[in-house]
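Single-structure report; data block below.
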Amino acid sequence: MLELNKSGTDRSEPGRLPAQAPGPDAAPDTRPAGDSPSSGPDAAADRVPLRPYLIAGAILCALYFLYAYFQYARFGSPSWDLGIFEQEVRAYAGFDAPVVDIKGPGYLILGDHFSPIVALLAPLYWIWPSAESLLFAQAALFALGAVIVGRTTQQILGGRSGLCVTVAYGLSWGIQEAVKADFHEIAFAVPLLALVCRALLLKRYTAALLWSLPLVLVKEDLGATVAVVGFLLFVYGRRLQGALLAVFGVAAFVVTLVVLIPAASSAGRYDYWTKIDKNGEQDVSMLDSVLGVLDSSVKIEMLVFLIGITAFMALRSPLTLLILPTLGWRLLSQDSNHWGMVWHYSAILMPVLFLALADGVRRSRGSHRPWLASYAEVAVPVAAAIAVAMTQHLPLRDLLRPDTYRTDDARSQAARAALDAIPAGSRVETDITLMAHLTSDRTVYWVGGAPGTAPDIVAINLDFGWSRPIQDPVAYAEQLHPEARYRLKHRGGSFVVMERTTPEPATIPGVRGD
């Protein structure tokens, strides 16, 4: 179980995080607050070599990007998110407001999720203006998290524990599923949270405070996580720093949800409240949401696997408290996509849990309970073995399959032919299949989400999975846009490209005149 103050149960050992301020008889510490000593265990820890972890990180980065790249090259994007984020980064790279037309013509994305940190990708996009640059950036950020987690583990546990945890983290299901889900803004939170936890474990409390501050720019809900960092600092004896950080986190959370997002939203509200208080069209009370946090086997499975990948040793560390805000909104949500082990939602929990594993092992090694002390000695290799075993059921296993690297199949060739039929600079309405391949040099709308715009091109994949099969694509395009007429320009395989034959409207929703 979580232990913030362990007294009378386990022996204390060097390097344990303090649960309270020193007593009155303690020798005075003349070091600046938040600094580590220049000699002793911490100094020895600083001599842990970085090179092996950089090599491991480079290998993981290559694996993540290889998987993401070939999924993209085979037109296998699982959602519209990669296209959305490329439109956002493209706008930042052009020093424009982050308008994402996929969400709706002229849609300001900061009114959807508050993630201004994504603007940091603009310099990379200047060099590499493609969705692939986002996939590479995410792979690098996830791999950076592995470097931090692994090296920190070796610093506090010694031996080969660091490389074992690097493997366990790098192959963890939360990271692999996030790689499969294409790019998301939470990629920035992964190394930041790793740095926060590292600083807490090494008693660098000022660094923990500073690394936690940018989290409020990653996503709107992470202000609550920052508040928990403040709580931990308070418990660990940095009461003023902890209290101020907790207040800052709560304030950032409230201001972002109540002021900033509604101000940027055309609807004037934070739309995702409905994920908690509505199940379809049915209203759900907050009490029912709370009572239903564990009403699904999918939720319980997720919780078991979250802790199970750490060989359950994360339960011994207070760091595990940092996962509660994210788990809270996910379990309260009525959207089943938030509950399970797929998509990207668990990626930010991985660095916290694996550094909690390291902390839990350190705390357990000197336990008065012989079984716990013995288990602590094998928990790290057990966690690594679990990660390797689970990978046979996770996305990266596809890298062992020759078909993964084939991009010359009939479907991919047909998709590329459809792309060639769409002029650069045109306004295109399309589905997920072609979307992220068009956003670098076209204005892209979601099919059915841009009424009144009369786009230049309507391009669809007939095998996309429509609720009703599309028998006449031209009639379907004109049904979407009765203000215009279209003709078939290209058809190959399941891909159909139609172009507008009538003049462009004088006024296009979401497009400002010069």
Side-chain angles (χ1 to χ4, degrees), residues 36 41-69 117 120-121 123-124 127-128 132-176 178-179 183 186-202 204 207-208 210-211 214-215 218 309-310 319 347-359 361-362 380-381 383-385 387-388 391 394-396 399:
S36 59
D42 279 355
D46 287 338
R47 291 195 292 270
V48 171
L50 178 60
R51 185 176 179 180
Y53 295 98
L54 290 178
I55 293 173
I59 293 171
L60 288 171
C61 179
L63 292 176
Y64 299 153
F65 180 64
L66 199 62
Y67 180 92
Y69 170 78
I117 200 169
L120 293 178
L121 294 177
L124 176 62
I127 301 169
W128 190 359
E132 297 158 90
S133 65
L134 277 65
L135 298 176
F136 176 78
Q138 177 168 271
L141 289 166
F142 286 168
L144 176 59
V147 173
I148 298 165
V149 169
R151 187 165 182 263
T152 303
T153 299
Q154 184 171 342
Q155 286 176 321
I156 65 176
L157 296 183
R160 294 184 176 86
S161 57
L163 290 176
C164 283
V165 169
T166 301
V167 170
Y169 162 91
L171 297 180
S172 61
W173 60 265
I175 296 296
Q176 290 201 46
V179 170
F183 178 86
I186 53 90
F188 286 96
V190 170
L192 285 173
L193 282 167
L195 288 165
V196 169
C197 293
R198 168 185 169 83
L200 290 172
L201 291 179
L202 298 181
R204 297 169 183 171
L210 295 175
W211 283 120
L215 287 170
V218 176
I309 57 174
T310 70
L319 291 183
I348 64 173
L349 307 181
M350 296 298 110
V352 176
L353 288 170
F354 282 100
L355 285 175
L357 158 65
D359 187 33
V361 169
R362 177 172 64 175
V380 168
V388 172
T391 296
L394 292 171
L396 289 185
L399 294 179

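Counting from 1, the numbers follow the sequence of the chain as shown. Quick note: numbers below take in every heavy atom, side chains included, and nothing from hydrogens, waters or symmetry partners. Note that the coordinates shown come from a computational prediction; the quantities given were computed from them, not determined experimentally.
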* Asked: Can you name the one residue among D359, L353, V361 that meets side chain to side chain contact (heavy atoms under 4.5 Å, CB included) with L357?
  ->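 Looking at D359, L353, V361, the match for L357 under the side chain to side chain contact (heavy atoms under 4.5 Å, CB included) is V361.
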
* Got a sec, which residues hit side-chain hydrogen bond (donor to acceptor under 3.5 Å, both in side chains) with S133, two or more places apart in sequence or on another chain? ->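 S133 satisfies side-chain hydrogen bond (donor to acceptor under 3.5 Å, both in side chains) with no residue once adjacent residues are dropped.
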
* **Expected output: side-chain Q176 to main-chain L396 donor-acceptor under 3.5 Å** =>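 At least one qualifying donor-acceptor pair exists.
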
* Check whether any side-chain N or O of T152 sits under 3.5 Å from a backbone N or O of V149 as a donor-acceptor pair, and report yes or no. =>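 Such a contact is absent between T152 side chain and V149 backbone.
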
* Any residue meeting ring pair (Phe, Tyr, Trp, His ring centres under 6.0 Å) with Y169, in chain and number order, not counting sequence neighbours ->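 Partners of Y169 under the ring pair (Phe, Tyr, Trp, His ring centres under 6.0 Å) test: none.
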
Determine the minimum heavy-atom distance between [X] and [Y], stating which atoms define it.
X    : Y    : result
A194 : G145 : CB-O, 4.3 Å
V167 : A387 : O-CB, 4.4 Å
P351 : A347 : CD-O, 3.4 Å
L141 : A187 : CB-O, 3.5 Å
A137 : L124 : CB-CD2, 3.9 Å
L121 : L134 : CD1-CG, 4.3 Å

Please report the interatomic distance [atom1]([X]) to [atom2]([Y]), rounded to the nearest 0.5 Å.
X    : Y    : atom1 : atom2 : result
T153 : R160 : OG1   : CZ    : 15.5 Å
L50  : I55  : CG    : CD1   : 10.0 Å
L192 : W211 : CG    : CH2   : 7.0 Å
Q155 : R198 : CD    : CZ    : 4.0 Å
L349 : I309 : CG    : CD1   : 8.5 Å
F65  : Q138 : CZ    : CD    : 11.5 Å

Using a 4.5 Å cut-off on heavy atoms from C-beta on, say whether the side chain of [Y] contacts that of [X].
X    : Y    : result
L394 : L171 : no
V352 : L193 : yes
I156 : L202 : yes

* **T166/Y53 under side-chain contact (heavy atoms from CB on, under 4.5 Å): CA gap, chis, key distance, verdict** => CA-CA 8 Å; T166 301; Y53 295 98; 3.5 Å; yes

* To do: Determine, stepwise, if the pair F188 / L215 fulfils side-chain contact (heavy atoms from CB on, under 4.5 Å).
  => CA-CA 8 Å; F188 286 96; L215 287 170; over 6 Å; no

* **CA sep, side-chain torsions, deciding dist, call: L60, V147, side-chain contact (heavy atoms from CB on, under 4.5 Å)** => CA-CA 10 Å; L60 288 171; V147 173; over 6 Å; no

* Asked: Under 30°, 30 to 60°, or over 60°: which ring-plane class applies to W128 and F136, parallel, tilted or perpendicular?
  ->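 Taking F136 first and then W128, their aromatic rings sit tilted (interplane angle of 30° to 60°).
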
* Heavy atoms from other residues, nucleotides or ligands near OH of Y67 exceed 12 (cutoff 6.0 Å) ->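 Above 12, so yes.
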
* Is there a side-chain contact (heavy atoms from CB on, under 4.5 Å) between C61 and F142 once you walk through the steps? -> CA-CA 7 Å; C61 179; F142 286 168; over 6 Å; no

